[in-house]
Amino acid sequence: MSRARLVYAAFERAGILAAWRRLRPGGLVLAYHNIIAAGDRPVGDPGLHLDAGLFAAQMDWLRAHYRVVPLAAALASWREGRPEPAPLAAITFDDAYRGTLRHGLPALRARGLPCTIYVTARGASQPEFFWWDVVAALRPAADRAALRDRFAGRSAPILDSLGLRATDAPLPDDCLPADWAALRGGAGADVEIGAHTAGHPLLTALGDDELRAELAGPRADIAAATGAAVTSVAYPYGAHDARVDAAAREAGYASGMALSGRRVRGAPPPFAVPRINVSPPMRGAAFAAAASGVSLRG
């Protein structure tokens, strides 16, 4: 166990995390990616695919310490400054992996917890493995962050630069994006659908025309394919700036989701809503610490 995890465990045993939540109350938006079957060996990007057993334990902790509500309801409450009987939390998933629908939604529904799923429109239309999972599986030593920045997060140029094809990756189909039929089948009053752009590029690196196309087009496509009212967008890689925020507003969204690693205190900026990214190494007391707003970093 790492030193940080040992410290977090000590904080939890000593009641420090609970005291911190009382002294510095705040809301919470969690960002997940994929959920895989309990006991399955993680494949692809190691930071994205969480064991369903660990996910269920996190949901039990979350339900015990927060009131979990739909994202839109949480945003409205924070915006209006409503008094709440308990701090609010919302659960989100980026990329709309098949594993999320197969293993994440049943765990949530067993606990009566709602969520928001952010869909990449091109992935739902023509499902193929995401470039970061392909590179992690076939070229694990490659610097994925550098590839993202060099090619503005675009899948085809990244894979071409390494001589790879998505179909070459030895990945399970839980790592594919869900198609429109699966998304419609998984939909319900407890599942909000949001947009995650058309092709998951690095929005801050795009020209104005391409930026508008990545935001406005998918909103209409996702709404038409799922029947959902698409009011929220999650920025790929968590990357955004004032120009991206303005483009999201102009495209008709009511909110934009970042990945700042912070809890919500007060009314969040509508197009820079902070979320805490939950990765597989963040388990047990480390998850409780992050969800309490406690971090040893910095």
Side-chain angles (χ1 to χ4, degrees), residues 26-36 42 44-52 54-59 61-63 66 68-75 78 87-97 99-101 103-105 107-108 113-120 123 130 132-133 144-145 148 153 175 177-178 191-197 200 202-203 230-240 244-245 248 253 255-265 268-283 286-293 295 297:
L28 184 65
V29 183
L30 296 178
Y32 289 91
H33 289 80
N34 196 20
I35 309 299
I36 59 176
D45 189 316
L48 302 182
H49 306 281
L50 180 67
D51 179 280
L54 294 174
F55 177 69
Q58 291 176 0
M59 294 303 98
W61 185 96
L62 188 66
R63 188 170 57 167
Y66 286 84
V68 182
V69 300
L71 177 63
L75 292 175
W78 294 328
L88 301 183
I91 301 161
T92 69
F93 296 91
D94 288 1
D95 305 325
Y97 279 101
T100 292
L101 274 66
H103 311 295
L105 286 188
L108 292 176
L113 303 180
C115 71
T116 299
I117 298 176
Y118 287 102
V119 178
T120 302
F130 292 109
W132 50 85
D133 288 324
R144 293 190 295 280
R148 175 201 64 202
C175 290
V191 179
E192 296 178 358
I193 298 294
H196 204 33
T197 73
H200 205 287
L202 190 65
L203 295 177
V230 180
T231 63
S232 180
V233 60
Y235 306 120
Y237 315 106
H240 69 108
V244 171
D245 297 351
Y253 297 102
S255 61
M257 301 292 116
L259 285 174
S260 60
R262 295 184 292 104
R263 289 187 303 160
V264 177
R265 291 175 58 80
F271 289 91
V273 177
R275 294 188 297 166
I276 294 174
N277 184 59
V278 183
S279 64
M282 189 188 291
R283 58 185 65 186
F287 171 80
S292 302
S295 175
R297 293 176 300 175

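Only a predicted model underlies this, so the values are computations on that prediction, with no experimental measurement involved. All values below come from the heavy atoms of this structure, side chains included, with hydrogens, waters and symmetry mates left out. Count residues from 1 along the sequence.
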Ring geometry between Phe130 and His200 (parallel below 30°, tilted from 30 to 60°, perpendicular above 60°) =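 It falls in the tilted class, 30° to 60°.
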
Going by the angle between their ring planes, with limits at 30° and 60°, are Trp132 and Tyr237 parallel, tilted or perpendicular?
->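 Because their plane-to-plane angle is over 60°, the rings of Trp132 and Tyr237 count as perpendicular.
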
Among His49, His103, His33, His196, the one residue meeting ring-ring contact (aromatic ring centres under 6.0 Å, His included) with Tyr97 =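 Answer to the ring-ring contact (aromatic ring centres under 6.0 Å, His included) test with Tyr97 among His49, His103, His33, His196: His49.
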
For residues [X] and [Y], determine if any side-chain heavy atom of one lies less than 4.5 Å from a side-chain heavy atom of the other.
{"X": "Val191", "Y": "Cys115", "value": "yes"}
{"X": "Val68", "Y": "Pro114", "value": "yes"}
{"X": "Tyr118", "Y": "Tyr235", "value": "no"}
{"X": "Phe287", "Y": "Leu30", "value": "yes"}

At their closest point, which heavy atom of [X] faces which heavy atom of [Y], and how far apart are they?
{"X": "Trp78", "Y": "Pro268", "value": "CB-CD, 3.8 Å"}
{"X": "Pro280", "Y": "Pro46", "value": "CG-O, 3.4 Å"}
{"X": "Leu203", "Y": "Pro236", "value": "CD1-CD, 3.8 Å"}
{"X": "Asp95", "Y": "Pro177", "value": "O-CB, 4.2 Å"}
{"X": "Arg265", "Y": "Gly26", "value": "CG-CA, 4.3 Å"}
{"X": "Ala258", "Y": "His240", "value": "CB-NE2, 3.6 Å"}

Side chain Gln58, main chain Met282, donor-acceptor under 3.5 Å |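 Side chain of Gln58 to backbone of Met282: a pair is present.
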
Will you find, in the side chains of Ser255 and Ser232, an N or O donor that is under 3.5 Å from an N or O acceptor?
->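 Side-chain D/A pair, Ser255 to Ser232: present.
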
Pairwise distance [atom1]([X]) to [atom2]([Y]) - rounded to 0.5 angstrom:
{"X": "Tyr32", "Y": "Asp94", "atom1": "OH", "atom2": "CG", "value": "12.5 Å"}
{"X": "Ile35", "Y": "Leu54", "atom1": "CD1", "atom2": "CG", "value": "9.5 Å"}
{"X": "Leu62", "Y": "Leu108", "atom1": "CG", "atom2": "CG", "value": "9.5 Å"}
{"X": "Asp133", "Y": "Arg144", "atom1": "CG", "atom2": "CZ", "value": "8.5 Å"}
{"X": "Ile117", "Y": "Leu71", "atom1": "CD1", "atom2": "CG", "value": "12.5 Å"}
{"X": "Met257", "Y": "Thr92", "atom1": "CE", "atom2": "OG1", "value": "8.0 Å"}

Looking at Thr100, Ile36, Leu50, Asn34, which hits side chain to side chain contact (heavy atoms under 4.5 Å, CB included) with Phe55?
->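 The single option meeting the side chain to side chain contact (heavy atoms under 4.5 Å, CB included) with Phe55 is Leu50.
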
